[in-house]
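In what follows, a single structure is set out as structure tokens and then discussed.
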Amino acid sequence: MSLGDRVEDALVRELADLAALQRLVPLMSEYLPSTAHELRPAALAAVVDEVLIGSRTVAVECGCGASSVVLARLLARRGFGHLLSVEHDERTAAFVASQLRREGLGHVARVVHAPLSPHPAALGSSQWYDPRLVHDEVSGFVERHGLVDLLLVDGPLLGDARYPALPVLSGVLAPGAAILVDDADRPGEQAVLVRWAEEFALRFRTTPRTFLATAVLDYPGSAGVGSAAG
């Protein structure tokens, strides 16, 4: 790609983000700081669209940030739906949890701080969220609210570190669940998407302006959190 093409591509993405911020204004009741690995505005708008158009009601998010608060606001204003966010960074998890409490959104969203540790589903030397903690939290969440119909993967870290999300959580995904993966422009995430596509018979579609890959699960889960206990 030439320098001119790269500049044009970056400009298109910036314009998409500006347009998305305008669409998100109704959910921006107050300022929220950006955290590490935050969703681009265009990607966040795409997630909001999926929640609304797809009538998603039970969401699990790997990695959290200001976008988690925006999604919680959406669910609260709509009047139904629940979000569970799992985050390895203690500071980020504490901020989001505090903001949810301050805005009175604890009835629709919950943040779990899950430190990284060796995981039976991880690739090579990569680590994922604490196996037992994820098992207990996700199992309880599903028991209370039903199978997950939206899985958003925006963590932990980068590339291979995100691979366990589907091997671990596929068993609690509802038929027709939407799987959304951020940073799909990066080689590490693309390699993970290829593996998931082969192992779970998924077809991912990536939107260049958002760097968000999406797929829809067309087989029923087994109603359990897999590879969690080690």
Side-chain angles (χ1 to χ4, degrees), residues 35-39 47 51 56-76 80-123 126-157 161-175 177-182 192 196 200 217 220-230:
T35 57
H37 310 298
E38 193 71 63
L39 284 171
V47 175
V51 171
R56 306 299 178 180
T57 61
V58 185
V60 169
E61 178 184 36
C62 297
C64 74
S67 57
S68 310
V69 180
V70 173
L71 292 174
R73 291 172 181 170
L74 171 69
L75 297 176
F80 59 93
H82 296 87
L83 170 68
L84 176 67
S85 299
V86 182
E87 172 59 48
H88 77 279
D89 182 75
E90 185 175 8
R91 183 180 180 187
T92 299
F95 157 69
V96 175
S98 175
Q99 188 69 24
L100 291 173
R101 288 193 300 270
R102 200 175 68 79
E103 296 191 25
L105 298 171
H107 63 294
V108 297
R110 170 175 166 76
V111 177
V112 175
H113 172 230
L116 298 182
S117 68
H119 196 286
L123 299 177
S126 296
Q127 296 185 324
W128 202 63
Y129 305 115
D130 178 84
R132 176 54 60 187
L133 184 57
V134 169
H135 178 274
D136 292 347
E137 290 289 345
V138 174
S139 295
F141 181 71
V142 169
E143 287 176 5
R144 291 189 298 273
H145 306 298
L147 293 176
V148 175
D149 60 14
L150 187 147
L151 173 62
L152 173 59
V153 181
D154 191 24
L157 306 175
R162 300 183 176 185
Y163 170 77
L166 263 190
V168 172
L169 300 175
S170 61
V172 296
L173 297 181
I179 302 165
L180 295 84
V181 184
D182 193 28
V192 169
W196 284 351
F200 297 93
L217 188 73
S222 59
V225 184
S227 301

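In terms of modelled atom types and a separation under 3.5 Å, the side chain of Glu38 and the main chain of Ser67 share a donor-acceptor contact. Judged by distance alone, the side chain of Ser126 and the main-chain N or O of Ala122 form no donor-acceptor pair under 3.5 Å. Under the 3.5 Å distance criterion, the side-chain polar atoms of Asp149 are matched with a main-chain donor or acceptor of Val58. Distance alone, capped at 3.5 Å, places no donor-acceptor pair between the Glu87 side chain and the His113 backbone. Using a distance-only test at 3.5 Å, with no hydrogens or angles considered, no donor-acceptor pair links the side chain of Arg102 to the main chain of Ser98. In this structure, Ser68 contributes its side chain and Cys64 its backbone to no donor-acceptor pair below 3.5 Å.
For the atom pair CZ of Arg56 and CG of Leu180, the computed distance is 8.5 Å after rounding to the nearest 0.5 Å. Here the CG-CG distance, from Leu71 to Leu105, works out to 11.0 Å after rounding to the nearest 0.5 Å. Rounding to the nearest 0.5 Å places CG of Leu100 at 9.5 Å from CZ of Arg73. Within the model, atoms CZ of Arg162 and CH2 of Trp196 stand 8.5 Å from one another, a figure rounded to the nearest 0.5 Å.
Contact check for Gln127 versus Pro118: side-chain heavy atoms found under the 4.5 Å cut-off. Using a 4.5 Å heavy-atom cutoff, the side chains of Val51 and Leu75 are in contact. Taking the side chain as every heavy atom from C-beta outward, Glu61 and Leu151 never approach each other to under 4.5 Å. Between Tyr129 and Leu116, some side-chain heavy-atom pair lies under the 4.5 Å cut-off. Using a 4.5 Å cut-off on side-chain heavy atoms (C-beta onward), Val108 and Leu83 make no contact. Looking only at side-chain heavy atoms (C-beta outward), Ser85 and Arg110 stay at 4.5 Å or farther from each other. The closest side-chain heavy-atom distance from Val153 to Asp182 is not below 4.5 Å. By the 4.5 Å heavy-atom criterion applied to side chains, Leu152 and Val47 are counted as neighbours.
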Q: Before giving the answer on side-chain contact (heavy atoms from CB on, under 4.5 Å), spell out for His88 and Asp130 the whole-Å C-alpha distance, their side-chain angles and the decisive distance to 0.1 Å.
A: CA-CA 9 Å; His88 77 279; Asp130 178 84; over 6 Å; no
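Residues that satisfy the ring-ring contact (aromatic ring centres under 6.0 Å, His included) test with His145, not counting sequence neighbours, are His82, Phe141.
Closest heavy-atom contact between Ala121 and Val168: CB-CG2, 4.1 Å. What you find for Thr92 and Gly65 is that their closest heavy atoms are CG2-CA, 4.5 Å.
The side chain to side chain contact (heavy atoms under 4.5 Å, CB included) test with Ile179 is passed by exactly one of Leu173, Leu150, Val148: Leu173. Exactly one residue among Cys62, Pro167, Pro120, Ser117 makes a side chain to side chain contact (heavy atoms under 4.5 Å, CB included) with Trp128. That residue is Cys62.
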